[in-house]
Amino acid sequence: MTRHGFTLLEVLVATAIMAVAVTAGLSALRTSLRNADRQVELERAATLARRKMDELLAQPALPHAQSFGGVFSPQYTAGVEAGWSALVTPAEAATMPPRPNSTGLERIQIELWWITASGRKSMRLETYRSALISTDDVDWMLAHPQELLGAPQ
């Protein structure tokens with residue numbers, strides 16, 4: 001007698017194998033989507049931070065040795081609450097001891113923060129630019145030698 005079709009046991013084993021495969025596939029898809037969302041979030045934050053850093057670099061006079069910041073408009077953050085804070089400090093003097101109106105480097109540090117369902121996240125950027133050293137900068141540099149570029153921390 002010739003057999004046609006499958007036995008009940010064969011159908012159950014095939015169904016169990018398919019269930020495991022589908023579950024593994026959906027789990028991998030979920031992880032991929034979560035990673036894609038995280039990458040989009042980080043790319044948006046990096047873009048905002050770079051844009052803000054460019055704005056700060058374009059301003060010749062920024063407050064020194066004091067933190068300042070703001071909040072981004074929701075139209076730029078896709079509705080996510082986000083903001084930034086910056087700190088500008090002298091980083092290096094061409095001559096030691098530093099002299100007012102000489103050329104030196106200033107460090108611009110920016111921290112971008114945003115709120116997600118899992119809490120507050122942040123990203124930091126730092127850059128340097130050439131600038132004239134003011135009398136206040138000289139006073140700050142003499143009071144904070146450990147914070148100057150190249151000094152041991």
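Everything numeric here is computed off the predicted structure, so don't read it as measured data. Residue numbers run from 1 in the order of the sequence given. Every heavy atom of this structure was used, including side-chain atoms; hydrogens, water molecules and symmetry mates were not.
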J.: Might you work through the salt bridge (charged side-chain N to carboxylate O under 4.0 Å, His left out) test for R50 and E43, ending with a clear yes or no?
T.: CA-CA 10 Å; R50 283 191 302 263; E43 182 60 32; 3.5 Å; yes

J.: In Å, rounded to the nearest 0.5 Å, how long is the span from CG of L42 to OG1 of T47?
T.: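 That separation rounds to 10.5 Å.
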
J.: May I ask whether F72 and V80 are part of the same hydrophobic cluster, defined by side-chain heavy atoms of I, L, V, M, F, W, Y residues being less than 4.5 angstrom apart, directly or through others?
T.: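 Yes; tracing contacts between hydrophobic side chains, which count when under 4.5 Å, links both residues.
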
J.: Just by distance, do the side chain of R129 and the backbone of L57 share a donor-acceptor pair under 3.5 Å?
T.: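 Pair found, side chain donor or acceptor close to backbone of L57.
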
J.: Of the non-hydrogen atoms in P63 and V88, which two are nearest, and what is the gap between them?
T.: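 Scanning both residues completely, I find the closest heavy atoms to be O-CB, 3.5 Å.
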
J.: What salt bridge (charged side-chain N to carboxylate O under 4.0 Å, His left out) pairs are there with at least one residue in residues 53-75, not counting sequence neighbours?
T.: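 For residues 53-75, and leaving out neighbouring residues, the salt bridge (charged side-chain N to carboxylate O under 4.0 Å, His left out) pairs sorted by first residue read K52-E55.
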
J.: List the steps and the verdict of side chain to side chain contact (heavy atoms under 4.5 Å, CB included) for R107 and E126.
T.: CA-CA 7 Å; R107 177 186 298 124; E126 181 176 294; 3.7 Å; yes

J.: Once you round to the nearest 0.5 Å, how far does CG of L48 lie from CH2 of W113?
T.: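 Nearest 0.5 Å value for the CG-CH2 distance: 11.5 Å.
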
J.: If I compare all heavy atoms of P100 with all of V138, which pair ends up nearest, and what's the gap?
T.: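 For P100 versus V138, the nearest heavy atoms are N-CG2, 3.7 Å.
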
J.: For A49 and M123, work out which heavy atoms get closest and say how close.
T.: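 Heavy-atom minimum between the residues: CB-SD, 4.4 Å.
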
J.: Got R44 and Y76 here, is their nearest side-chain heavy-atom distance under 4.5 Å?
T.: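 Answer no - side chains too far apart.
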
J.: Determine the minimum heavy-atom distance between L56 and I108, stating which atoms define it.
T.: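 Nearest heavy atoms, L56 then I108: CD1-CG2, 4.1 Å.
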
J.: Does any part of the side chain of H64, heavy atoms only, come nearer than 4.5 Å to the side chain of D136, both counted from C-beta?
T.: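 No, every pair of side-chain atoms sits at 4.5 Å or beyond.
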
J.: What donor-acceptor contacts under 3.5 angstrom involve side-chain atoms of residues 19-33, with partners at least two apart or in another chain?
T.:
unit_1	atom_1	unit_2	atom_2	d
T23	OG1	A19	O	2.8
T31	OG1	S27	O	3.1
S32	OG	A28	O	3.0

J.: Report the C-alpha separation of I133 and N101 in whole Å, then their side-chain angles, then the decisive distance to 0.1 Å, and conclude whether the side chain to side chain contact (heavy atoms under 4.5 Å, CB included) test is met.
T.: CA-CA 5 Å; I133 298 173; N101 297 320; over 6 Å; no

J.: Return the minimal non-hydrogen interatomic distance between L132 and T103, and the atom names on each side.
T.: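 Closest heavy-atom pair between L132 and T103: CD2-OG1, 4.1 Å.
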
J.: Under the 3.5 angstrom rule, does the side chain of T7 hit a backbone N or O of E10 as a donor-acceptor pair?
T.: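 Yes, the answer is positive, given that a donor and an acceptor are paired below the 3.5 Å cut-off.
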
J.: Can you name the nearest heavy-atom pair linking A82 to T77, along with the distance?
T.: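 For A82 and T77, the tightest heavy-atom pair comes out as CB-CG2, 3.8 Å.
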
J.: If you round to the nearest 0.5 Å, how far is OG1 of T127 from CG of L105?
T.: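 It is 10.0 Å, given to the nearest 0.5 Å.
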
J.: Let's go through W84 and F68 carefully: what are the C-alpha distance in whole Å and the side-chain angles of both, what is the deciding distance for side chain to side chain contact (heavy atoms under 4.5 Å, CB included) to 0.1 Å, and is it a yes or a no?
T.: CA-CA 8 Å; W84 61 277; F68 60 98; 3.9 Å; yes

J.: Between W114 and E41, is any pair of side-chain heavy atoms under 4.5 Å apart?
T.: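 Counting from C-beta outward, W114 and E41 do come under 4.5 Å.
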
J.: With rounding to the nearest 0.5 angstrom, report the CE to CG distance, M53 to L112.
T.: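 Between atom CE of M53 and atom CG of L112 there are 10.5 Å.
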
J.: Quick check on R120: does its CZ atom have over 12 non-hydrogen neighbours (other residues, nucleotides or ligands) under 6.0 Å away?
T.: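 Counting other residues, nucleotides and ligands, CZ of R120 exceeds 12 neighbours.
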
J.: Between F6 and L12, does a side chain to side chain contact (heavy atoms under 4.5 Å, CB included) hold up when you go through it step by step?
T.: CA-CA 10 Å; F6 299 102; L12 289 175; over 6 Å; no

